[in-house]
Amino acid sequence: MFMDTNLDDTGLFPNLARLERETVLMLSKILGSPRGYGYIVTGGTEANITGIWIARNRYLKNVKGRPEIIVPKTAHFSFLKAADMLDLKLIRADITEEFTVDVVDVEEKISNNTVAIVGIAGTTELGTIDPISELSEIAVEKNVHLHVDAAFGGLFISIMRLIGYNYPNIGFENPGVSTITIDPHKLGFVPIPSGGIIARSRELFKHISVKAPYLLSEDHETIVGSRTGGSIAATWVMLKYLGIEGYGEIFKELLELKNYLVKRLEEIKSIEIPYVPMLPIVSFKHEKIKSSKLRDKLMEKGWILYLAPMINGLRIIVMPHLNKKVIDKFAEDLENSIKEIEN
Ligand SMILES: Cc1ncc(COP(=O)(O)O)c(C=O)c1O
């Protein structure tokens with residue numbers, strides 16, 4: 001129904017613009033603020049670039065040298081793109097044994113040229129959650145922008161917390177958090193392209209606002225021009241249809257499946273799981289076999305797995321189309337693959 005609508009000009013489709021405001025507010029509330037402001041964009045990459053763009057323009061006047069951003073070593077490669085496009089020096093912060101960012105290292109790396117620090121709530125490879133509240137304290141103290149990349153984990157972590165589970169607060173209740181990436185097209189089960197960039201306040205978007213003289217809406221605050229209303233309508237529908245409760249039920253099932261997958265993997269003696277995250281993702285490795293070799297063998301059997309180079313392993317994201325039968329079959333094929341490689 002919304003394929004032929006375009007939010008390039010919010011003045012041309014005012015009802016759709018209202019739908020976007022409502023959608024963004026729903027996401028913002030899930031992230032702990034009734035006042036957030038933002039846009040439904042193409043995905044986590046665009047959302048991260050937008051967040052860093054806001055940060056750079058916000059603090060550019062404070063820095064004398066080349067502006068810098070500090071991202072954890074676990075950060076998604078979209079930050080490489082952001083740094084390149086925005087001419088920023090990308091500084092990588094160390095990670096701890098738990099594969100979360102070392103906040104002491106972040107603090108030490110902050111310089112007079114730092115415009116932003118980044119925390120990740122659900123890393124791409126392992127699903128680890130950085131200590132956002134500690135990063136928030138640093139951001140306030142040092143007066144830098146804190147962007148949280150919750151592209152993968154934002155909905156899951158925040159909704160589990162809202163329904164009473166012991167998940168960390170990664171949202172706007174942390175006073176230092178300025179912008180958050182949260183992707184409906186990941187654990188929100190909305191079709192691609194549906195990413196989310198939410199800022200603490202509308203004011204923050206003024207830093208990237210440009211005049212669009214011929215449009216009815218006059219101001220433009222997104223990277224792309226034409227944007228399909230389909231993404232907004234689809235996200236609005238999913239958030240309304242499932243609601244906190246509906247998402248919560250699915251997330252609980254995903255956790256159960258993840259635990260089952262962990263159990264089945266642990267039954268294979270030569271398999272190691274260096275870290276079991278609070279998100280529905282499992283990365284594992286074989287004690288001896290190279291991960292790319294194991295991946296190729298599994299591919300011969302019809303399984304396509306991504307590498308998790310951080311641990312020299314392989315990664316599985318547990319989504320609702322998985323079930324215990326599929327996991328059992330995978331475990332069996334994994335065992336056979338190991339045997340075939342060893343013989
Ligand atoms: C943590 C994180 N951030 C950002 C992205 C980029 O998202 P997209 O592929 O929607 O641009 C990903 C993708 O996997 C991700 O895991």
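Both counts, for ligands and for their atoms, begin at 1 and track the order of listing. These numbers come from the heavy atoms of this one structure, side chains and all, not from hydrogens, waters or symmetry mates. Computed from a predicted model, the values in this text were never measured in an experiment.
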Can you tell me how far CG of Leu146 sits from OG of Ser136, rounded to the nearest 0.5 angstrom?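 Interatomic distance, Ser136 OG to Leu146 CG, rounded to 0.5 Å: 6.5 Å.
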Any nitrogen or oxygen of Gly44, main chain or side chain, under 3.5 Å from a nitrogen or oxygen of ligand 1?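 So ligand 1 has an N or O lying under 3.5 Å from an N or O of Gly44.
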Below 3.5 angstrom, do we get any N/O pair linking Asp149 and ligand 1?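 In this structure, Asp149 places an N or O atom under 3.5 Å from an N or O of ligand 1.
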Quick one: look at Thr181 and ligand 1, take heavy-atom pairs under 4.0 Å, and tell me if it's side chain, backbone, both or neither.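 Neither part.
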Numbered atoms of ligand 1 (with element) below 4.0 Å of [X], judged on heavy atoms:
| X | value |
| --- | --- |
| Gly122 | 1 (C) |
| His185 | 10 (O) |
| Lys186 | 5 (C), 6 (C), 7 (O), 8 (P), 10 (O), 12 (C), 13 (C), 14 (O) |
| Thr124 | 1 (C), 2 (C), 14 (O), 15 (C), 16 (O) |
| Asn48 | 3 (N), 4 (C) |
| Ala151 | 2 (C), 3 (N), 4 (C) |
| Asp183 | 7 (O), 10 (O) |
| Thr45 | 6 (C), 7 (O), 8 (P), 11 (O) |

Does atom NZ of Lys293 have more than 12 heavy-atom neighbours from other groups under 6.0 Å away?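 At most 12 heavy atoms, drawn from other residues, nucleotides or ligands, come within 6.0 Å of this atom.
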Do the side-chain N and O atoms of Tyr260 and Asp328 include a donor-acceptor pair separated by under 3.5 angstrom?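 Yes - a donor-acceptor pair under 3.5 Å links their side chains.
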If we count only N and O atoms by modelled type, under 3.5 Å, do the side chains of Thr123 and Thr128 hold a donor and an acceptor together?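 Per modelled atom types, Thr123 and Thr128 side chains form a pair under 3.5 Å.
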Any Met160 side-chain heavy atom under 4.5 Å of Lys252 side chain: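 In contact.
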Should the pair His145 and His147 be assigned to parallel (<30°), tilted (30 to 60°) or perpendicular (>60°) ring geometry?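 Parallel.
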Is the Phe251-Tyr165 ring centre distance short of 6.0 angstrom?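 No, they do not, as the ring centres are separated by 6.0 Å or more.
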Heavy atom of the protein closest to atom 6 (C) of ligand 1 (residue, atom name, distance):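 Here the closest protein heavy atom is His76 CE1, 3.3 Å.
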Residues Lys339 and Glu335 bridged, charged N to O under 4.0 Å: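 Answer for the salt bridge query: no.
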